[in-house]
Protein chains: 2
Amino acid sequence: MHNDLDDIDLRILRILQADARITSSDLAQQVHLSQSPCWKRVKRLEKMGLVSGYHAGLNRRALGWGMMAFVMVEIEKQDDSSSSAFIQAVQAMEEVVMFHGIAGPQDFMLVVVARDLDDYGQLLQRQLHRLPGVRRVSSFLSLEEFKGQLHHMPIPAAAAAPH
Amino acid sequence: MHNDLDDIDLRILRILQADARITSSDLAQQVHLSQSPCWKRVKRLEKMGLVSGYHAGLNRRALGWGMMAFVMVEIEKQDDSSSSAFIQAVQAMEEVVMFHGIAGPQDFMLVVVARDLDDYGQLLQRQLHRLPGVRRVSSFLSLEEFKGQLHHMPIPAAAAAPH
DNA sequence: CGTGAAAAAAACGCAGG
DNA sequence: CCTGCGTTTTTTTCACG
């Protein structure tokens with residue numbers, strides 16, 4: 001069984017990535033297929049796991065997340081038992097929107113959102129720094145977003161206050 | 001005119017973020033509203049710009065992007081004319097999926113995908129390092145993704161080869 | 001692949017409470 | 001906010017070339 005993608009599949013993916021709500025007939029038109037076979041391709045792409053889901057993209061600032069930071073963390077030991085505690089704790093923090101283990105002297109890269117600088121300071125002091133085995137934390141605050149909207153961001157418990 | 005969000009709005013956003021394809025009646029049920037007013041809320045949230053769009057989430061590895069890296073770049077001068085050339089060039093690179101100006105000794109943080117290490121090396125040498133005014137580039141390669149799927153990733157021109 | 005078509009489901013909009 | 005109703009659109013499936 002081979003499941004390679006042809007050009008049309010790639011174009012379908014490109015379009016669905018930009019607009020997941022396009023109707024299947026419009027989509028079919030744009031890739032120059034008729035509705036029925038086009039729809040089958042979409043379902044196939046979903047089954048193949050190429051499309052992992054459909055998500056609303058939310059406006060970070062409108063939700064009250066005025067701050068974003070890249071955070072690098074170095075931990076004491078890299079053995080499984082101690083790092084897995086760290087990993088679990090970080091995964092549970094909803095302000096952490098991205099979390100990767102990385103190669104190099106530092107061990108982890110986090111992308112974090114916060115309401116403002118105060119909020120971020122508290123997050124750092126009261127949560128990140130207190131996690132088990134944390135040796136060093138370096139923050140790089142975002143000043144401007146040139147590319148790449150964040151998706152999957154936390155929804156605050158209380159309402160945002162757009163001004 | 002005030003446009004604050006109540007609890008139900010936030011729950012709607014949370015649900016749409018997880019599944020943009022939910023039907024409005026199912027959504028209504030989950031937030032304990034009836035279909036009609038629930039639907040109006042969604043439209044209102046869209047008009048308010050809280051929902052910026054609906055997007056298919058794609059599988060990075062299935063698309064052939066086996067590598068991901070965080071890249072910090074320091075440029076020569078921070079004046080507008082020279083940095084804007086850099087910014088434009090980076091924005092045009094489709095492998096760059098996230099691109100922020102940051103505070104600190106480094107000037108920019110990029111999140112980059114590549115097919116493999118070779119591909120990444122070429123990207124670095126042939127593109128990033130050659131951009132005008134680049135002083136220093138530091139790479140942090142992702143070893144493991146603990147949290148935060150990437151969205152809006154480039155669709156390769158040629159088909160991916162899932163094995 | 002294509003076409004056409006038809007049944008089922010959803011979206012959308014409006015009335016009256 | 002609700003319920004209900006109707007119209008339009010879309011989805012989904014199927015038969016056939």
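The figures here come from the full heavy-atom set of this structure, side chains too, leaving out hydrogens, waters and symmetry mates. Below, read A as the first sequence line, B as the second, and so on, with proteins coming before strands; counting in each chain starts at 1.
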Sugar-phosphate, base or nothing in reach of B/R41, heavy atoms under 4.0 Å: sugar-phosphate
Whether B/H100 and A/F70 hold their rings parallel, tilted or perpendicular, with breakpoints at 30° and 60°: perpendicular
Any A/S24 side-chain nitrogen or oxygen under 4.0 Å from OP1 or OP2 of D/dT10: no
Integer-rounded Å distance: D/dT11 P and A/Q35 CD: 8 Å
Length of the line joining A/L27:CG and D/dT9:C1', which is rounded to integer Å: 16 Å
From C/dA11, C/dG4, D/dC2, nucleotide with atom closest to A/S36 side chain: C/dG4
Check: A/G133 main-chain N/O paired with A/K77 side-chain donor or acceptor under 3.5 Å: no
Rounded distance in Å - CD1 (B/I22) to P (C/dA11): 10 Å
Helical stems, DNA chain C - three or more consecutive Watson-Crick or G-U wobble pairs below 3.5 Å: C:1-14 with D:4-17
Side chain to side chain donor-acceptor pair (under 3.5 Å) contacts in which one or both residues fall within residues 48-58 of chain A, not counting sequence neighbours: A/E46-A/Y54, A/H55-A/H152
Rounded distance in Å - NZ (B/K47) to P (C/dC12): 11 Å
Worked check of salt bridge (Lys or Arg N to Asp or Glu O under 4.0 Å) between A/R135 and A/D107: CA-CA 10 Å; A/R135 178 177 292 169; A/D107 302 293; over 6 Å; no
Short side-chain to backbone donor-acceptor contact, B/R61 and B/M67, under 3.5 Å: no
Candidate nucleotides D/dT13, D/dC1, C/dG2, ranked by approach to the side chain of A/S34 - the nearest: C/dG2
Donor + acceptor pair across side chains of B/S24, B/Q35 (<3.5 Å): yes
Gap between atoms NZ and P, on A/K40 and C/dT3 respectively (whole Å): 12 Å
For atom CD of A/Q29 and atom P of C/dT3, their distance in whole Å: 12 Å
Touch class at under 4.0 angstrom, heavy-atom based, for A/W39 against every strand present: base
Worked verdict on A/R41 versus A/D6 for salt bridge (Lys or Arg N to Asp or Glu O under 4.0 Å): CA-CA 11 Å; A/R41 277 172 185 260; A/D6 63 16; 2.9 Å; yes
For atom NZ of B/K43 and atom C1' of C/dA10, their distance in whole Å: 12 Å
Closest to the B/L33 side chain, choosing from D/dC1, C/dT3, D/dT11: D/dC1
Between P of D/dT11 and CG of A/L16, the distance in whole Å: 11 Å
